[in-house]
Amino acid sequence: MGQDLSRIASVYDVVAEEYAKEFSGEHEKKPRDQQVLLEFAQKIGRRSPVWDLGCGPGHTASYLKNLGVDISGLDLSAKILEQARLHHPDIHFQEGNILDLEFNDDSLAGVVAFYSMVHFTEGQIEVALSEIYRVLQPQGILLLTYHVGSETIHLEEFLNKQIDVDFMFCSTDFISSSLTKIGFTGIEISEREPYPGVEYQSRRAYVFARKPIS
Ligand SMILES: C[S@@+](CC[C@H](N)C(=O)[O-])C[C@H]1O[C@@H](n2cnc3c(N)ncnc32)[C@H](O)[C@@H]1O
């Protein structure tokens with residue numbers, strides 16, 4: 001069934017300002033992030049529209065915009081979107097739900113989703129990936145990241161604020177088989193060890209996948 005979406009939204013409402021402070025410069029400290037974001041920008045080229053789903057305070061969208069990508073951001077949390085608009089006034093951000101996207105079929109050239117599915121059950125991840133597949137144009141590209149593992153971490157405090165939410169890691173076998181089952185092709189998944197002193201010490205995965213020409 002999964003966690004209540006309003007609970008997830010309220011967590012990011014509560015930590016919005018602190019989250020923006022903590023994570024806004026993160027790609028600058030993570031060489032592998034920089035590599036995959038550049039690769040994504042090169043693959044997308046001038047194609048549009050591209051959306052950052054679960055964009056948080058908008059730093060990934062901004063990084064890609066600086067690489068020439070025509071990108072917008074979508075998130076569940078109204079307060080984190082306020083931070084995104086404050087820090088990146090040149091980017092369009094809107095409220096929405098990855099599990100029920102309001103985009104037409106075959107309408108997006110690209111989707112990035114950095115750690116946006118950390119609160120989803122496996123069933124919800126499959127719904128989200130199916131939604132992304134539905135809205136991508138043929139030859140549209142997905143770049144997804146996640147924490148690798150099988151654990152669920154329950155947090156009652158995050159960035160010095162009281163919260164009550166589960167963070168779920170997931171296995172690369174599961175992501176790979178879900179993407180294949182849904183119909184994605186060109187699936188490339190790479191993993192890396194955490195960067196010491198820079199981020200939460202979990203193994204990270206980066207996924208590129210493409211919607212085929214039907
Ligand atoms: C761990 S944060 C990642 C934020 C940002 N992508 C980053 O890398 O820092 C998860 C984000 O996904 C958003 N989110 C969670 N569930 C969502 C849903 N169903 N639809 C849209 N956004 C969602 C949260 O509000 C939050 O901003």
Side-chain angles (χ1 to χ4, degrees), residues 1-30 32-34 36-37 40 50-65 71-88 91 93-103 108 110-132 134-135 142-148 152-155 158-159 161 163-170 194-195 198-200 202 204-207:
M1 194 180 131
Q3 300 180 87
D4 184 35
L5 290 187
S6 58
R7 162 129 60 111
I8 297 173
S10 72
V11 166
Y12 289 92
D13 283 346
V14 167
V15 301
E17 220 178 305
E18 290 72 18
Y19 194 98
K21 277 192 202 123
E22 180 75 18
F23 292 103
S24 285
E26 67 169 338
H27 299 312
E28 283 71 14
K29 301 177 210 152
K30 301 184 181 183
R32 185 75 184 120
D33 282 19
Q34 293 169 31
V36 294
L37 289 165
F40 180 82
V50 176
W51 280 78
D52 179 357
L53 302 181
C55 62
H59 54 296
T60 303
S62 170
Y63 195 95
L64 284 168
K65 189 172 173 73
I71 191 162
S72 305
L74 174 144
D75 204 281
L76 205 54
S77 155
K79 293 284 182 198
I80 212 139
L81 287 170
E82 275 177 19
Q83 291 295 315
R85 292 183 186 114
L86 179 72
H87 294 289
H88 311 290
I91 298 177
F93 293 99
Q94 79 182 41
E95 216 169 305
N97 177 8
I98 304 172
L99 297 168
D100 187 14
L101 291 169
E102 290 180 8
F103 300 117
L108 307 189
V111 163
V112 295
F114 266 56
Y115 306 104
S116 311
M117 302 186 193
V118 283
H119 304 294
F120 292 174
T121 60
E122 288 192 344
Q124 288 174 315
I125 290 174
E126 288 193 329
V127 171
L129 294 176
S130 300
E131 274 293 87
I132 291 169
R134 177 183 68 75
V135 302
L142 166 65
L143 170 59
L144 170 76
T145 67
Y146 56 92
H147 298 268
V148 181
T152 294
I153 295 174
H154 181 74
L155 281 193
F158 183 43
L159 301 170
K161 300 280 182 186
I163 57 157
D164 175 16
V165 77
D166 289 338
F167 286 75
M168 280 86 125
F169 294 10
C170 58
Y195 294 124
V198 166
E199 61 188 358
Y200 183 82
S202 57
R204 308 301 173 106
Y206 302 85
V207 180

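Position 1 is the first residue of the sequence; numbering continues from there. Worth knowing before you read on, the calculation uses all heavy atoms, side chains too, and leaves out hydrogens, waters and symmetry mates. Whatever order the structure lists ligands and atoms in, that order sets their numbers, starting from 1.
- Here the heavy atom of the protein found nearest to atom 9 (O) of ligand 1 is Tyr19 OH, 2.7 Å.
- Closest to atom 10 (C) of ligand 1, if we only count protein heavy atoms, is Tyr115 O, 3.6 Å.
- In this structure, Gln83 and Ala20 approach most closely via the heavy-atom pair OE1-CB, 3.6 Å.
- Every atom of ligand 1 with a heavy atom of Val118 under 4.0 Å away is listed here by number and element: 1 (C).
- Remark: minimum distance from atom 15 (C) of ligand 1 to any protein heavy atom is reached at Ile8 CG2, 3.7 Å.
- For Asp4 and Ser6, the side-chain atoms include at least one donor-acceptor pair closer than 3.5 Å.
- With hydrogens and angles left out, the side-chain atoms of Arg32 and Tyr195 include no donor and acceptor closer than 3.5 Å.
- Protein heavy atom at the shortest distance from atom 8 (O) of ligand 1 is Phe114 O, 3.2 Å.
- In this structure, the protein non-hydrogen atom closest to atom 23 (C) of ligand 1 is Leu76 CB, 3.7 Å.
- Here His59 has side-chain heavy atoms under 4.0 Å from ligand 1, and that is the only part of it that gets that close.
- Distances from atom 1 (C) of ligand 1 to the heavy atoms of Phe120, Tyr146, Tyr12 put Tyr12 nearest.
- Counting only heavy atoms of the protein, atom 19 (N) of ligand 1 lies nearest to Asn97 OD1, 2.8 Å.
- A distance-only check finds no donor-acceptor pair linking the side chain of Asp13 to the backbone of Ser77 [under 3.5 Å].
- Ring centers of Phe158 and Phe167: under 6.0 Å apart, within the cut-off.
- Of the candidates Gly96, Ser77, Cys55, the one placing a heavy atom closest to atom 21 (C) of ligand 1 is Gly96.
- Counting only non-hydrogen atoms, the option in Ala16, Gly56, Gly54, Ser10 that gets closest to atom 6 (N) of ligand 1 is Gly54.
- Checking side-chain atoms of Gln124 against main-chain N and O of Thr121 turns up a donor-acceptor pair under 3.5 Å.
- When hydrogens are left out, the protein atom nearest atom 20 (N) of ligand 1 is Ile98 N, 2.9 Å; that is the closest non-hydrogen contact.
- In this structure a side-chain-to-backbone donor-acceptor pair under 3.5 Å is missing from Thr145 to Tyr206.
- Between Asn97 and Leu74 the shortest heavy-atom distance is N-CD2, 4.1 Å.
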Verdict with reasoning, His59 to Glu26, per side chain to side chain contact (heavy atoms under 4.5 Å, CB included)
CA-CA 8 Å; His59 54 296; Glu26 67 169 338; 2.9 Å; yes
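- The shell of residues lying under 4.0 angstrom from ligand 1, judged by heavy atoms, excludes Gln124.
- Scanning all protein heavy atoms for the shortest distance to atom 25 (O) of ligand 1 gives Asp75 OD1, 2.6 Å.
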